[in-house]
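Atom set for the values below is all heavy atoms of this structure, side chains included, hydrogens, waters and symmetry mates excluded. Note that the numbering runs from 1 along the sequence shown for the chain.
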Amino acid sequence: MLFEENNSEGMAYGLQIGNYDYWYNDLSGGKYTRVNAGLGVVPTNSLVYLGFNDEKSIFTENAVRQALSTLIDRTEIVSQGFQGHATPSALPFNPAWGAMKNVTVTTKMEADVDGAKAILEQAGYTSINHYGYRCSTTQSLTCNLTVCKDNEFKVAAARQIKDQLAKLNFNVRIIELSYDDYVKTINAGEYEMYLGEIMLPANMKITPFFSSSGAPNCELRLVDENGLEFTVCYDEYLTVLSGELQLADFCRLFEYEMPFVPVCYRNGVEIYSRDITSDVKGTCYDNFYNIDSWKVKNKNGGK
């Protein structure tokens, strides 16, 4: 028997006692139950990221966004917050995507405290105020981070991000909301920074990030030196889609501008009976990709 299920601890027990042979868990519920069975990692196109409110003044500064991305430790967030069930990424495109083969990522997956400090100091954030926050002559680095409290992975990741940013006196207050309240808050734009997730299509099109309506609702609209409003990185992304700009060039620009901060690509797991003796290979779009070649032992130990 085969099952696709995301949020049931009973599924793990049922598989171990032989009620069924295969269970795909995309781990979207933010919890993993260990099972004594065969286990396979299924990479997904579910991008976990930090979104910014463009009405929060500190995030209108490129240096603040860039320093934040430089300071967070994606490797640590993946290994601890997501219990290893993710792949770190500083770019909005899945590292496993074929088009990324020749793209060089300059952002370190580990925290670069010295690099982040240099970026902030060059932007004028050279002092620590009486609250203990890093500040410039006009504003301090402090904000709220909104996260869905129903997802254990994301709550753990948010707490890690808070601790990581504190290394440079960037103060973060975590706001934990139920799923329904979280969705309402993000859709209404009533946040400063939030930890979100979006499932991107197989062609890795990131157009939704540059839309002011619907998910993921983190379009960053600023005003240039001529007083004209623009969406950070959007025009450049359109030139990628039209073939006028190479993906690698866009990625370099993205790392500098950071209109939103990619954190990682979450993985799912396929858990199957040890009676299945052949390779089990699923994808996030087809969990039973090679089911026609599965081999299962019979009760007498044969195949």
Side-chain angles (χ1 to χ4, degrees), residues 47-72 77 90-92 116 119-120 123-125 131 133-136 138-151 154-155 157-162 164-166 168-198 200 206-224 227-237 253-264:
L47 173 62
V48 178
Y49 62 91
L50 288 168
F52 305 121
N53 191 327
D54 54 15
E55 295 182 3
K56 177 64 176 175
S57 58
I58 62 171
F59 295 127
T60 64
E61 290 192 58
N62 162 254
V64 173
R65 303 190 305 271
Q66 189 182 27
L68 189 155
S69 176
T70 303
L71 186 56
I72 63 173
I77 292 170
L91 291 173
I119 293 170
L120 290 172
Y125 289 90
Y131 294 110
Y133 308 157
R134 181 170 294 274
C135 62
S136 65
T138 58
Q139 57 190 3
S140 58
L141 297 182
T142 179
C143 74
N144 295 330
L145 171 56
T146 302
V147 65
C148 177
K149 69 179 181 180
D150 301 334
N151 190 296
K154 293 195 179 100
V155 170
R159 292 172 181 171
Q160 285 180 279
I161 290 169
K162 171 184 171 70
Q164 291 166 1
L165 296 185
L168 281 183
N169 300 87
F170 192 136
N171 179 63
V172 173
R173 299 175 298 275
I174 298 176
I175 298 178
E176 299 181 16
L177 300 176
S178 66
Y179 177 77
D180 288 342
D181 288 340
Y182 169 84
V183 171
K184 290 177 183 177
T185 297
I186 303 308
N187 287 341
E190 297 173 352
Y191 62 90
E192 295 178 349
M193 178 169 67
Y194 77 96
L195 187 63
E197 178 178 326
I198 184 173
L200 293 173
I206 61 172
T207 307
F209 280 101
F210 304 114
S211 171
S212 58
S213 60
N217 193 24
C218 66
E219 173 195 49
L220 196 64
R221 297 186 67 84
L222 305 179
V223 177
D224 64 17
L228 300 175
E229 193 175 54
F230 70 101
T231 299
V232 179
C233 286
Y234 182 49
D235 287 342
E236 292 82 358
Y237 183 60
L253 172 69
F254 183 93
E255 285 186 279
Y256 177 75
E257 294 287 355
M258 281 292 166
F260 56 94
V261 173
V263 177
C264 61

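Phe52 is not listed as a side-chain neighbour of Pro259, based on a closest heavy-atom distance of 4.5 Å or more. Leu68 is listed as a side-chain neighbour of Phe59, based on a closest heavy-atom distance under 4.5 Å. Annotation: side chain of Leu195 is not in contact with side chain of Thr146 (no heavy-atom distance under 4.5 Å). The shortest side-chain heavy-atom distance between Asn169 and Leu141 does not fall under the 4.5 Å cut-off. At a threshold of 4.5 Å between non-hydrogen side-chain atoms, the residues Leu222 and Val232 count as touching. At a threshold of 4.5 Å between non-hydrogen side-chain atoms, the residues Glu255 and Leu91 count as touching. In this structure, Val155 and Asn151 have side chains that are not in contact, with every pair of non-hydrogen atoms separated by 4.5 Å or more. By the 4.5 Å heavy-atom criterion applied to side chains, Leu220 and Phe210 are not counted as neighbours.
Within the model, atoms CD of Gln164 and CG of Leu168 stand 11.5 Å from one another, a figure rounded to the nearest 0.5 Å. Of the inter-residue distances, the one linking Cys233 atom SG with Ile206 atom CD1 reads 8.0 Å to the nearest 0.5 angstrom. Rounding to the nearest 0.5 angstrom, the gap separating the CD atom in Gln139 from the CD1 atom in Ile58 is 7.0 Å. Remark: Tyr133 OH to Asn171 CG distance equals 4.0 Å, nearest 0.5 Å.
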Please lay out, stage by stage, how Leu145 and Leu50 fare under the test side-chain contact (heavy atoms from CB on, under 4.5 Å).
CA-CA 9 Å; Leu145 171 56; Leu50 288 168; 3.8 Å; yes

Discussion item. Run Tyr125 and Glu61 through side-chain hydrogen bond (donor to acceptor under 3.5 Å, both in side chains) and show every step you take.
Written reply: CA-CA 11 Å; Tyr125 289 90; Glu61 290 192 58; 2.6 Å; yes

CA sep, side-chain torsions, deciding dist, call: Leu165, Ile72, side-chain contact (heavy atoms from CB on, under 4.5 Å): CA-CA 7 Å; Leu165 296 185; Ile72 63 173; 4.0 Å; yes

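Within 6.0 Å of atom NZ in Lys184, 12 or fewer heavy atoms from other residues, nucleotides or ligands are found, so the atom counts as exposed in its surroundings. Heavy atoms of other residues, nucleotides or ligands lying less than 6.0 angstrom from CD of Glu229 number more than 12.
Ring geometry for Phe209 against Phe260 counts as parallel: the plane angle stays under 30°, on a 0 to 90° scale with 60° as the upper cut.
Formation of a donor-acceptor pair under 3.5 Å by the Asp54 side chain with backbone atoms of Arg221 is found in this model. Within the 3.5 Å criterion, the main-chain N or O of Leu47 finds no donor-acceptor partner in the side chain of Glu197. When atom types are taken as modelled, the side chain of Ser140 and the backbone of Thr142 share no donor-acceptor pair closer than 3.5 angstrom. No donor-acceptor pair closer than 3.5 Å links the side chain of Thr231 to the backbone N or O of Tyr234. In this structure a side-chain-to-backbone donor-acceptor pair under 3.5 Å is missing from Asn144 to Met193. Asn53 places a side-chain N or O within donor-acceptor distance of the main-chain N or O of Tyr191, the cut-off being under 3.5 Å. The main-chain N or O of Tyr179 is found under 3.5 Å from a side-chain atom of Asp150 such that the two form a donor-acceptor pair.
Residues Ala157 and Ile77 share a closest heavy-atom pair of CB-CG2, 3.8 Å. Taking both residues in full, the closest heavy atoms of Leu120 and Ala63 are given as CD2-O, 4.3 Å, listed atom of the first, atom of the second, then distance. Shortest non-hydrogen contact noted between Ser69 and Met258 is OG-CE, 3.3 Å. Residue Ala116 comes nearest to Ala67 through the heavy atom pair CB-O, 3.6 Å, listed as atom of the first residue, atom of the second, then distance. Of all non-hydrogen atoms in Val261 and Arg65, the two that sit nearest each other are CG2-O, 4.2 Å. When all heavy atoms are compared, the tightest approach of Lys162 to Val172 is NZ-O, 2.6 Å.
Checked against the 6.0 Å centroid threshold, Tyr194 and Tyr49 count as a close aromatic pair.
Under the salt bridge (Lys or Arg N to Asp or Glu O under 4.0 Å) test applied with Glu176, the options Arg159, Lys154, Lys149 reduce to a single match, Arg159.
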